[in-house]
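Following: one structure in structure tokens, then a few remarks.
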Amino acid sequence: MSDAVRAVLVGAGQRGHFTYGRYALDHPDALRFVAVVDPSPARIHRFGDAHGIPAELRFATVDDYLAANDLAGTAFVATPDRHHHAAAIALLEAGHHLYLEKPIATNLRDAVAIVAGARKHGRLLHVAHVLRYTPFFKTLHDIVTDPGTMGDLITVEHRENVVSWHMAHSFVRGNWARAKESSPMIVAKSCHDFDLLQWNLARPIRRLASFGSLLHFNPDRAPEGATERCTDPCPVEDCPFDARRLYLNMDWTGWPIHVIADDLSYDGRLAAITDGPYGRCVYRCGSDVVDHQVVSMECADGVSATLTMHGHSHEEGRTMRFDGSRATVRARFTRDPVIEVIPHHGVAGYHVDIPRAEGGHGGGDTGAVRAFLDALASGRPSDTTGERALEGYYLAFAAETARREGRVIDMAVFRGTLDEQ
């Protein structure tokens with residue numbers, strides 16, 4: 001226990017409590033939370049009790065924590081996205097190393113400022129781009145960056161398929177439904193994917209264009225007879241987004257069920273969808289983020305790539321295709337992950353063995369925390385430092401600018417200015 005990293009958790013909600021808190025409980029010799037910050041008394045005491053944190057080290061705000069004498073020196077920041085900037089800057093200035101949930105920030109200016117703050121104060125800023133740490137994506141990366149297998153890389157297709165109920169939960173009813181209160185969906189959801197793309201492409205992207213809109217979750221698409229809330233009760237029997245079916249008719253109370261209420265009994269969940277945001281009709285929520293977007297990119301050497309992100313999938317997951325001069329690679333990151341290599345010179349195609357994953361996000365949650373702790377111990381930067389992750393945010397915010405303004409973005413120009421966001 002004495003060698004464990006002492007940390008403060010800032011934000012004891014879904015990711016803070018159930019992911020980082022769980023890691024600390026499972027690996028007490030590696031990570032110990034000694035303080036917690038959250039404005040919710042219920043969340044702060046739930047986490048504090050689970051980790052044996054004294055009452056005097058449970059704080060409502062970062063300022064309250066920083067005013068205390070017993071500072072941890074390392075912080076996990078898992079607040080709502082719009083609070084990342086203020087918390088990160090204050091903690092960096094106080095000398096903390098940071099594990100920061102993605103996205104870095106809700107706008108490019110703040111993301112750049114956080115990365116600059118870590119550089120100025122000489123602190124490790126590790127961004128939770130957890131997919132890089134999955135056995136799946138590590139294996140895929142080694143294959144698609146191997147010239148002996150791929151030859152010359154020609155083109156890449158990357159799809160982020162958000163299952164329809166996840167879209168409704170998070171981006172229509174939930175915390176990421178309005179861009180000004182969180183960030184554009186291409187940033188909030190696909191910053192992972194831009195990070196993976198620029199990692200796997202291993203070359204700069206020269207220009208991009210993007211198209212997309214909020215096509216379905218609008219009042220004019222509501223079924224006839226649909227009411228303001230699913231519990232009114234709504235008479236539409238075959239609505240795929242009925243909150244009663246999504247949140248009440250199951251024994252499972254993990255994610256996303258545990259997001260809607262602290263009381264996860266049937267009555268607690270019913271009360272939550274009767275009065276709270278997760279029981280609203282999806283067609284009348286006022287969401288303004290896209291439900292589909294396509295980004296077309298050209299690399300400096302002519303390699304092309306596309307990213308398609310949408311929220312109307314039957315299954316959650318990512319599907320990818322890499323075409324090179326020597327082989328095609330097809331990959332599926334779902335509950336049943338597959339990586340298939342199909343050589344072009346007459347050799348039969350084959351599936352690649354993927355190491356077993358441990359933990360959420362295909363093993364990425366565990367891998368990302370472990371990588372952060374290893375970086376602290378060794379003094380060497382992790383694979384997802386703020387400096388390394390920032391390029392994906394330039395791409396994501398450039399994509400949103402291209403979509404919104406209907407123009408092709410020159411990335412060299414975009415990287416040189418913060419006025420485009």
Side-chain angles (χ1 to χ4, degrees), residues 1-13 15-17 19-21 23-24 27-39 44 47-48 51-107 109-130 368-390 393:
M1 182 73 76
S2 60
D3 294 332
V5 170
R6 298 173 74 253
V8 56
L9 177 71
V10 182
R15 293 288 289 170
H17 182 78
T19 299
Y20 308 125
Y23 187 97
H27 303 87
D29 57 329
L31 175 64
R32 179 186 174 206
F33 285 108
V34 297
V36 60
V37 177
D38 196 289
I44 203 170
F47 189 86
H51 293 266
I53 298 172
E56 64 270 20
L57 293 177
R58 305 179 187 187
F59 304 95
T61 70
V62 170
D63 287 343
D64 292 341
Y65 161 73
L66 292 177
N69 293 322
D70 187 11
L71 300 185
T74 297
F76 282 66
V77 178
T79 63
D81 300 351
R82 64 185 179 275
H83 299 309
H84 283 188
H85 176 257
I89 293 297
L91 290 160
L92 287 168
E93 289 179 349
H96 287 65
H97 298 292
L98 290 191
Y99 184 110
L100 180 62
E101 256 301 331
K102 66 87 188 171
I104 295 176
T106 58
N107 63 73
R109 188 179 302 278
D110 285 352
V112 170
I114 292 171
V115 174
R119 186 188 314 118
K120 175 183 176 181
H121 297 288
R123 300 293 87 183
L124 173 62
L125 170 61
H126 176 92
V127 184
H129 284 298
V130 300
V369 176
R370 187 175 293 141
F372 174 61
L373 299 178
D374 288 346
L376 289 177
S378 68
R380 294 188 296 271
S382 69
D383 289 337
T384 55
T385 60
E387 297 276 3
R388 292 174 175 173
L390 190 57
Y393 290 86

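- Between the side chain of T384 and the backbone N or O of V127 there is at least one donor-acceptor pair closer than 3.5 Å.
- Here the side chain of Y20 pairs no donor or acceptor atom with the backbone of L9 at under 3.5 angstrom.
- The line from CZ of R15 to NZ of K102 is 8.5 Å long, rounded to the nearest 0.5 Å.
- Counting only heavy atoms from C-beta outward, the side chains of F372 and L124 approach each other to under 4.5 Å.
- Ring pair Y393/H129 is tilted by interplanar angle, where 30° to 60° counts as tilted.
- Scanning all heavy atoms of the two residues, the minimum distance from A24 to H51 falls at CB-CE1, 4.0 Å.
- A distance of 10.5 Å separates OH in Y99 from CG in L31, rounded to the nearest 0.5 Å.
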Take V112 and L390, measure what side chain to side chain contact (heavy atoms under 4.5 Å, CB included) needs, and give me the verdict at the end.
CA-CA 7 Å; V112 170; L390 190 57; 4.2 Å; yes
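- The aromatic ring centroids of Y65 and H96 lie less than 6.0 Å from each other.
- When all heavy atoms of A87 and V77 are compared, the closest pair comes out as CB-CG1, 4.3 Å.
- L92 contributes atom CG, which lies 9.0 Å from atom CZ of R123 (distance to the nearest 0.5 angstrom).
- For the pair R380 (side chain) and A375 (backbone), a donor-acceptor distance under 3.5 Å is absent.
- When all heavy atoms of V115 and L125 are compared, the closest pair comes out as CA-CD2, 4.0 Å.
- For R82, the salt bridge (charged side-chain N to carboxylate O under 4.0 Å, His left out) test picks out no residue, with sequence neighbours left out.
- Checked against side-chain hydrogen bond (donor to acceptor under 3.5 Å, both in side chains), E387 has the following partners two or more places apart in sequence or in another chain: R119.
- One N or O on the side chain of H27 and one on the backbone of Y23 form a donor-acceptor pair closer than 3.5 Å.
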Please evaluate residues I89 and I114 with respect to the criterion side chain to side chain contact (heavy atoms under 4.5 Å, CB included), reporting the C-alpha separation (whole Å), side-chain torsions for both, the decisive distance (0.1 Å), and the verdict.
CA-CA 6 Å; I89 293 297; I114 292 171; 4.2 Å; yes
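- Side chain of R58 to backbone of I53: a donor-acceptor contact under 3.5 angstrom is found.
- Considering all non-hydrogen atoms of both residues, V8 and F33 come closest at C-CD2, 3.9 Å.
- Shown are T74, L71, L100, L66; of these, the side chain to side chain contact (heavy atoms under 4.5 Å, CB included) with L91 is made only by L66.
- Annotation: salt bridge (charged side-chain N to carboxylate O under 4.0 Å, His left out) contacts of D383 (sequence neighbours excluded): R388.
- Among all heavy-atom pairs drawn from G11 and A78, the shortest one is O-CB, 3.7 Å.
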With side chain to side chain contact (heavy atoms under 4.5 Å, CB included) as the test, would you mind laying out the steps for V10 and V62 before giving the verdict?
CA-CA 7 Å; V10 182; V62 170; 3.7 Å; yes
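- A distance-only check finds no donor-acceptor pair linking the side chain of D81 to the backbone of T106 [under 3.5 Å].
- Proximity of a side-chain donor or acceptor of H97 to a complementary backbone N or O of A75 within less than 3.5 Å is not detected.
- The two residues F59 and A35 have their closest heavy-atom pair at CE1-CB, 4.3 Å.
- Looking at H126 and S382, their side chains do bring a donor and an acceptor atom within 3.5 Å of each other.
- One N or O on the side chain of S378 and one on the backbone of D374 form a donor-acceptor pair closer than 3.5 Å.
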